[in-house]
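Since we're looking at a predicted model, the values are computed, not measured. The first residue of the sequence shown is numbered 1, and numbering continues consecutively from there. In each ligand, atom 1 is the first atom listed, and ligand 1 is the first ligand listed.
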Amino acid sequence: MDAEKLSQLTQKVIGDAAGAVGLLLAYIGDQSEVYVTMDKLGPATTQEIAQAANLDERYLREFLSSNAANGYVTYDSAEEKFFLTPEQSAVFAQDGQPTCLQGYFQAIVGQYAEHEKAVETFKSGKGRPWGEHHLCCFCGTDRFFRPGYVGNLITNWIPSLDGVDEKLKGGVKIADIGCGLGSTTIIMAQTYPNSTVHGYDFHAPSIEEASKRAEELGLKNIEFHVSDARDIPKESYDFACIFDALHDMGDPVGVAEHIKNVLSDDGTFMLVEPAAGDNLEDNLNTFGGLAYGFSTVVCVPTSRAQEVGLCLGAQAGPKRLKEVLNSAGFNHVRESARTGTNMVFEVKA
Ligand SMILES: C[S@@+](CC[C@H](N)C(=O)[O-])C[C@H]1O[C@@H](n2cnc3c(N)ncnc32)[C@H](O)[C@@H]1O
């Protein structure tokens, strides 16, 4: 054994352990509004922050000490005050901005909360249905994906598809399949008022929440339905899309075949999946660690709990996804856009 390598690995893992507990604290700070309060106050003592956020000062002092040690907040020892730099504010306090990582924390906390089920699933090799996860899994997933959709869907991904933006502006029928809490469905309904957007997901509580959000926004051109992806009605959609969900499905080939059948003759299917390379070694980076991690506890068990149980995983890569789409009868598959976290495919018959 190499003592130097052992020391480096130990230091890294201790850093990860500090991060693991740091993320729990960051989530507590999100839920108790510590970061947004600090953002408003600027440099402040623990007494001032505790008073403004209506929190216990002793707990807050311990919390902020850990946060300062982790670099999540800054401590001014001369003044004995804590504050957020603009960068710390962007990551911890600016919910909804692409820079804010609270959605990741929420999704991770949701997994820790039900660690017994995760261990049992892993040991048994049995499927674990999407609906059997902690509520934070649904909210956290929506929260960490949404900023990427807000930043890219309308300005980058749809324009990367041949002629689709014009069609949607003119007014067509859209299907958003595996829509979860409906963030993408809502963005499309808001942007394309002449089109009608149908959101489908087999998880009833997600559809309930999505419908509530659309109603609160007063959207009239949107409908949500509880449905398995293979059962969506044959209504001739001009545009179908799946965002970060095909790999969670048990039968991605069956789903793609069904989409081919429900699309109009010149319809387009836009597939958005987590960014990945074709080989494991291409994905051995921080994003790969995160994606394979969630895939181990969420995506693969979700797929296995369904018929067929193909278990594509969240890092399937373009080659494998093209095989799936080709075997469903789609001959045209073109990667049309990519961001750090997502890849987009234009798929046609
Ligand atoms: C990772 S979430 C993505 C949700 C949403 N598209 C988003 O990007 O926020 C995966 C979604 O796929 C849905 N799902 C998985 N298998 C499904 C199936 N066979 N039919 C319909 N929905 C399915 C789950 O209920 C979940 O909402």
Side-chain angles (χ1 to χ4, degrees), residues 96 103-104 106-108 110-111 127-153 157 174-188 197-211 213-214 224-233 240-259 262 269-275 290-316 324 328 339 341-344:
Y104 283 102
Q106 189 161 7
I108 289 165
Q111 289 311 311
R128 181 174 173 193
W130 175 260
E132 287 189 8
H133 282 275
H134 191 272
L135 278 181
C136 279
C137 178
F138 317 128
C139 303
T141 300
D142 177 67
R143 210 172 162 195
F144 76 69
F145 279 134
R146 193 185 332 138
Y149 299 151
V150 170
N152 293 291
L153 175 55
W157 296 347
I174 304 171
D176 181 2
I177 302 153
C179 65
L181 301 194
S183 287
T184 47
T185 332
I186 288 173
I187 294 170
M188 290 188 285
V197 196
H198 298 257
Y200 297 97
D201 200 290
F202 71 175
H203 184 234
S206 291
I207 287 296
E208 205 177 304
E209 175 64 20
S211 307
R213 290 182 181 182
F224 286 102
H225 317 266
V226 176
S227 172
D228 190 280
R230 290 185 309 185
D231 297 330
I232 68 165
C241 32
I242 299 188
F243 297 90
D244 289 301
L246 185 74
H247 65 271
D248 293 305
M249 296 180 181
D251 182 11
V253 176
V255 169
E257 270 170 356
H258 187 66
I259 291 176
V262 302
F269 168 30
M270 178 173 76
L271 176 64
V272 177
E273 277 287 297
L290 204 58
Y292 282 123
F294 275 116
S295 193
T296 306
V297 288
V298 183
C299 312
V300 171
T302 297
S303 177
R304 180 154 293 164
Q306 301 178 40
E307 262 180 40
V308 182
L310 192 67
C311 301
L312 273 178
Q315 292 285 273
V324 165
T339 62
T341 52
N342 280 110
M343 50 194 185
V344 179

### Message
Let's go through Phe243 and Tyr149 carefully: what are the C-alpha distance in whole Å and the side-chain angles of both, what is the deciding distance for ring pair (Phe, Tyr, Trp, His ring centres under 6.0 Å) to 0.1 Å, and is it a yes or a no?
### Response
CA-CA 9 Å; Phe243 297 90; Tyr149 299 151; 5.3 Å; yes
#### Entry: Asp176/Thr184 under side-chain hydrogen bond (donor to acceptor under 3.5 Å, both in side chains): CA gap, chis, key distance, verdict
CA-CA 8 Å; Asp176 181 2; Thr184 47; 2.6 Å; yes
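Around ligand 1, the residues contributing at least one heavy atom under 4.0 Å from the ligand are Trp130, Thr141, Phe145, Tyr149, Gly178, Cys179, Gly180, Asp201, Phe202, His203, Ser227, Asp228, Ala229, Phe243, Asp244, Ala245, Asp248, Met249, Gln306.
Among residues two or more places apart in sequence or in another chain, the side chain to side chain contact (heavy atoms under 4.5 Å, CB included) test is passed with Phe202 by Trp130, Asp228, Gln306. Contacts of Glu307 classified as salt bridge (Lys or Arg N to Asp or Glu O under 4.0 Å), with partners at least two apart in sequence or in another chain: Arg230.
Under the 3.5 Å distance criterion, with hydrogens and angles disregarded, no donor-acceptor pair is assigned to the side chains of Thr302 and Asp248.
Listed by first then second residue, pairs satisfying side chain to side chain donor-acceptor pair (under 3.5 Å) with a partner in residues 202-211 read His203-Ser206, Glu209-Arg213, not counting sequence neighbours.
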